[in-house]
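Computed from heavy atoms alone, side chains included, the values below leave out hydrogens, waters and symmetry copies. Below, chains carry the letters A, B, ... as their sequence lines are ordered, and counting in each starts from 1.
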Protein chains: 2
Amino acid sequence: MIQNIQIRELTPRHLRQSCTNCSLRELCLPIGLTPDEMQELDTIITQARPVKRGEALYRAGEPFKSLFAIRVGFFKASVISEDGREQVTGFHMSGELMGMDAISSDFHTCDAIALEDSEVCELPFGEIEELAGDVPILQRHLYKVMSREIVRDHGVMLLLGNMKAEERLAAFLLNLSQRFSIRGYSSSSFHLRMTREEIGSYLGLKLETVSRTLSKFQDQGFIKVQNRLIEIIDGDSLKKLLNNCQGE
Amino acid sequence: MIQNIQIRELTPRHLRQSCTNCSLRELCLPIGLTPDEMQELDTIITQARPVKRGEALYRAGEPFKSLFAIRVGFFKASVISEDGREQVTGFHMSGELMGMDAISSDFHTCDAIALEDSEVCELPFGEIEELAGDVPILQRHLYKVMSREIVRDHGVMLLLGNMKAEERLAAFLLNLSQRFSIRGYSSSSFHLRMTREEIGSYLGLKLETVSRTLSKFQDQGFIKVQNRLIEIIDGDSLKKLLNNCQGE
DNA sequence: CGAATTATTGAACGCTGTCAACTATAGTGG
DNA sequence: CCACTATAGTTGACAGCGTTCAATAATTCG
């Protein structure tokens, strides 16, 4: 990523490329656009925009204009109920697309908060949509990305509806591990960007339960916890926790 | 269903009309297609297909070909975890679209089971997609429908992650009430199509808790329960249950 | 370095799950 | 049509998991 930033300062063309790059996983390369089509996509996508830790990329209630592809960084998305309760609906990292919930009503329904200094690419939805009308493969890809979000949400429902605290934490750690791994980071040792309270909100647990369960995993030798640094020592045992419960 | 088949054999135009009808809420009328475009949509949508109570419209793992618009009836959608736990991810009624989770992988990820004798219209996704490329308003509508599903799922997460049993049940009943009302049925008196266990699976509760809580609501005079027949007597108190918890 | 935030840990309570017995309803076949 | 059986629903007693409240420790940030 540092590479990209340096390239960006040198050559605007490469900036666009790096912007295309940003949505690499979610929008471009894997779907096989022609160079021309990618060019066109590039002209739509505005330049990378920084979002500092703690800042909101958007907030519930704001009018919807664009989707955002995370170039670098880490975000949480959360809905706030009328009576003020926060539910974290997801944690999102580089290459992922945010804001799809807003399409339905033309207003954002979530807050998106950066949990570390981040950079996003803005994808003006109207223009993306228009381009998608001409480029079937892009259209299809958008459907797929949204569908994937629905599938992910179903997984969270399963977690919230059926699992015990230990299973939820295990699933959470394994999921993070896998996603870091895909992005070229260590799958066995990573830094949590969120507080215990935010983990708890996502998993439907109180922060004390999160803390206790992490400690328990550490006592059992499954992981090593040092504040927000997690080291997975025995991933297989964590996986067992997930399947053993009724599968036995 | 027999009626429809007969109609079809007599007058194809009427069959198609009834099919358009089926996806009325989700696909056609509200988005303002021209007669020509609706005509084209009609040719894509295959004839109404009956699904008997207890039958699966589709099952997880089956290859994905079509979305389904519910013409009449009532369905549950559920995911089954590896170790056999069922999570009901939603209940769906006439006018709603099912199967969008399958777009991402080209395989269904849910089971869709009819909870009463139903009829659906099959919308072959490939053709719908193609048409959407030519009809921006249809394309946009598909995005919106999928986005709405994501928003709905976030609402369920909030429910599962933050609410107590009473609040979940209250939210559930009020939601059903509203949806029946929109469809022209009574909002204060309706028949539950699902078992206590299925309600529980959806709400992340055990069936005993569902039963107990319904009884409690009845004792408090909020509702009248007679097996699967629900009468909402004091909807305001139910709404209060939802907001009072921390909002006070 | 001090203040604020975040995390850990303990103890007690309460909500919901579990187990069990019983009742009611619906569907089936004589 | 009725008896029978299977399924669905209700209710009670009790236990356990996670929450709540509270005190303390560690870390971050100005």
Original post:
Would you call A:K216 and A:E166 a salt bridge, taking side-chain N to carboxylate O under 4.0 Å as the test?
Top reply: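 A:E166 and A:K216: salt-bridged.
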
Original post:
Are any of B:R53's side-chain N or O atoms less than 4.0 Å away from OP1 or OP2 of C:dG27?
Top reply: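 For C:dG27, OP1 or OP2 has a side-chain N or O of B:R53 closer than 4.0 Å.
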
**OP:** Would you please confirm or rule out a distance under 4.0 Å between OP1 or OP2 of D:dT11 and any side-chain N or O of B:S215?
**Re:**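 B:S215 to D:dT11 OP1/OP2: side-chain N or O found under 4.0 Å.
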
Could you list, one pair per line, each protein nitrogen or oxygen that sits under 3.5 Å from a nitrogen or oxygen of nucleotides 18-21 of chain C, together with the distance?
from   : atom 1 : to     : atom 2 : distance (Å)
C:dT18 : O4     : B:R212 : NH2    : 2.8
C:dC19 : N4     : B:E208 : OE2    : 3.3

**OP:** Taking only heavy atoms on the protein side, list every residue of residues 194-203 of chain B lying under 4.0 Å from any atom of DNA chain D, sorted numerically.
**Re:**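 When residues 194-203 of chain B is checked for heavy atoms under 4.0 Å from DNA chain D, the hits, listed by number, are B:T195, B:R196.
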
Subject >> B:S189 and B:E231 side chains, donor-acceptor separation under 3.5 Å >> reply: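 B:S189 and B:E231 do not have a side-chain donor-acceptor pair below 3.5 Å.
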
Figure out the [atom1]/[atom2] separation between [X] and [N], and round it to whole Å.
X	N	atom1	atom2	value
B:E167	D:dT19	CD	P	14 Å
B:L169	C:dC15	CG	C1'	14 Å
B:D117	C:dG27	CG	C1'	14 Å
A:M163	D:dC17	CE	C1'	17 Å
B:L207	D:dT7	CG	P	15 Å

Original post:
On DNA chain D, nearest-nucleotide positions of A:A165 versus A:Q226: which is more 5'?
Top reply: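 The residue whose closest nucleotide sits nearer the 5' end is A:A165.
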
**OP:** Walk me through it: do B:S78 and B:D111 pass the test side-chain hydrogen bond (donor to acceptor under 3.5 Å, both in side chains)?
**Re:** CA-CA 5 Å; B:S78 56; B:D111 291 2; 5.0 Å; no

Subject >> Aromatic contact, A:H92 with A:F75 (centres under 6.0 Å) >> reply: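 Between A:H92 and A:F75, the centre distance exceeds or equals 6.0 Å.
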
